[in-house]
Amino acid sequence: MKLDIEFVRKQFPALKSGFTFFDNAGGSQIAKPVVDRIQDYLLNTNVQLGASYEISQKSTQRVQDANVFGAELINARDASEIIYGSSTTLLLRNLSQSMVKTFEAGDEVIVTDCDHEANIGGWLQMQEKGIVIKFWKTNTETINLEIEDLKKLLTPKTKLVALTHASNILGTINPIKKITKIVHEAGAKICIDAVAYAPHRLIDVQELDVDFYVFSLYKVYGSHSAMLYGKKELLLELPGINHFFIGNEETAYKLQPGNVNYELCYGYIGYKDYLESIASKHFPDTQFSSFREKAVAANQLMVDHEEMLAKRLLDYLNTKSNVKIIGKKSFSKTERVPTISFVVEDRISSEIVEKVDPHNIGIRFGDFYARRLIETLDLEKVDGVIRVSMVHYNSLEEVKHLISIFETIF
Ligand SMILES: Cc1ncc(COP(=O)(O)O)c(C=O)c1O
């Protein structure tokens, strides 16, 4: 069974324009059912939550439903473990602001040099309170975060390890379940940035056993907002950063000063509609017993399709003697997402991307806010990497077209 790419593309109205979107790790296109729900919210239930009148009751229910869906999507135990916010960066800042109050001077936090700065900067600020920050550095030969290096950094004082599920530059998937086990055995907690992973794989936070897990909805076919998961028992322990009268048991609201954007939270249930439509389109005779089963089936098709796209581009790049792929050179479902970065010998990355721009194809160069990784790899001087980031709605024709353009440039 193959993904019906025509069916998929029809769910993303922006794709009709003919422009090729290959900057999806920057932000994906939005699925139509998400837009429909945002519109429905704004046109029919756009009132303040929590009042006794009927429309307010309905809007309150709708925003609560968004939390229920969030929990279903990532297989959290409970809707109270889902915290929406305007961005991953902000959610992580809020989390660190709260968490630092539970740490003591001399406690240690481990961050990486290959994360987006969103999962580094907030933790670094803890230094002002005497928290010691240690860097888990990318091995420049393997271009991986090596687990042996992490083990050397863990001490009885380590309180938290913060790292990415997949690098937004390398596309490499880190073995989070294995790493989480090691971190827990050392008595620390783990916080995962899944922004570059979530557009490609269905998430199961219980299986991973992570403590905190965050991603941006605007990169997972939704609108400009984000979702943070935290284990309920840990959220209950965290001090709030909202108004003093917001109760500690309000696990989400106490970490959401200024509250959430109602229509965007509710709108994201449209992603559930989208995944369900893929399942029923491809498996009309299957009796699924839960949304999760449908999502698993839909995601499998997406992953297979992405694998085909990634292999085509990687195969091409591997034939070019002047191209250096920054990350794994071949595709494997467990080790890579189709975010593919490279540099071209003796060329500046910006110069190549600018030559692609006139062809109505959106690719990109730079450090993608993973500045420290680009510095570690000594790539600032070539304007960082050229990144082609694909998702399941991209077609093989688009990849072939891009390759034909590359052929004229390097
Ligand atoms: C891996 C990764 N983490 C975090 C972020 C920050 O996300 P947000 O824009 O929602 O703050 C990005 C954005 O590009 C990212 O790629």
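Numbering of ligands and ligand atoms starts at 1, following listing order.
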Val220 vs Tyr268 side-chain heavy atoms within contact, under 4.5 Å | yes

Can Tyr218 be said to touch ligand 1, with heavy atoms closer than 4.0 Å?
-> yes

Name the closest protein heavy atom to atom 15 (C) of ligand 1, giving the residue it belongs to and the distance to 0.1 Å.
-> His116 CD2, 3.2 Å

Of all heavy-atom pairs between Ile30 and Phe12, which one has the smallest distance, and what is that distance?
-> O-CD2, 3.4 Å

In plain terms, say whether Asp149 and Lys152 are close enough for a salt bridge, that is, a side-chain N and a carboxylate O under 4.0 Å apart.
-> yes

N or O contact, His224 vs ligand 1, cut-off under 3.5 Å = no

When distances are taken from atom 13 (C) of ligand 1, the protein heavy atom at minimum range is Lys219 NZ, 2.8 Å

Can Ser225 and Asn261 be said to form a side-chain hydrogen bond (donor to acceptor under 3.5 Å, both in side chains), step by step?
-> CA-CA 8 Å; Ser225 49; Asn261 180 307; over 6 Å; no

For Thr88, take its heavy atoms, then give the atoms of ligand 1 lying under 4.0 Å from any of them.
-> 4 (C), 7 (O), 8 (P), 10 (O), 11 (O)

Protein heavy atom at shortest distance from atom 11 (O) of ligand 1 = Thr89 OG1, 2.5 Å

Heavy-atom distances under 4.0 Å are what count here, so tell me which part of Ala226 touches ligand 1: side chain, backbone, both or neither.
-> neither

Considering only the protein, which heavy-atom contact is closest to atom 16 (O) of ligand 1, and what is its distance?
-> Asn168 ND2, 3.2 Å

Identify whether the distance between the nearest side-chain nitrogen and carboxylate oxygen of Arg372 and Glu117 falls below 4.0 Å.
-> yes

Inspect the contact between Lys320 and Glu345 and indicate whether a charged nitrogen and a carboxylate oxygen are less than 4.0 angstrom apart.
-> no

Sub-3.5 Å donor-acceptor pair from the side chain of Arg292 to the main-chain atoms of Leu73, do we have one?
-> yes

Considering only non-hydrogen protein atoms, determine which one is nearest to atom 10 (O) of ligand 1 and report residue, atom name and distance to 0.1 Å.
-> Ser216 OG, 2.7 Å

Residue-ligand contact Asp193/ligand 1, heavy atom below 4.0 Å = yes

Check whether any side-chain heavy atom of Asp209 sits under 4.5 Å from a side-chain heavy atom of Ile190, and report yes or no.
-> no

4.0 Å heavy-atom contact, Glu117 with ligand 1 | no

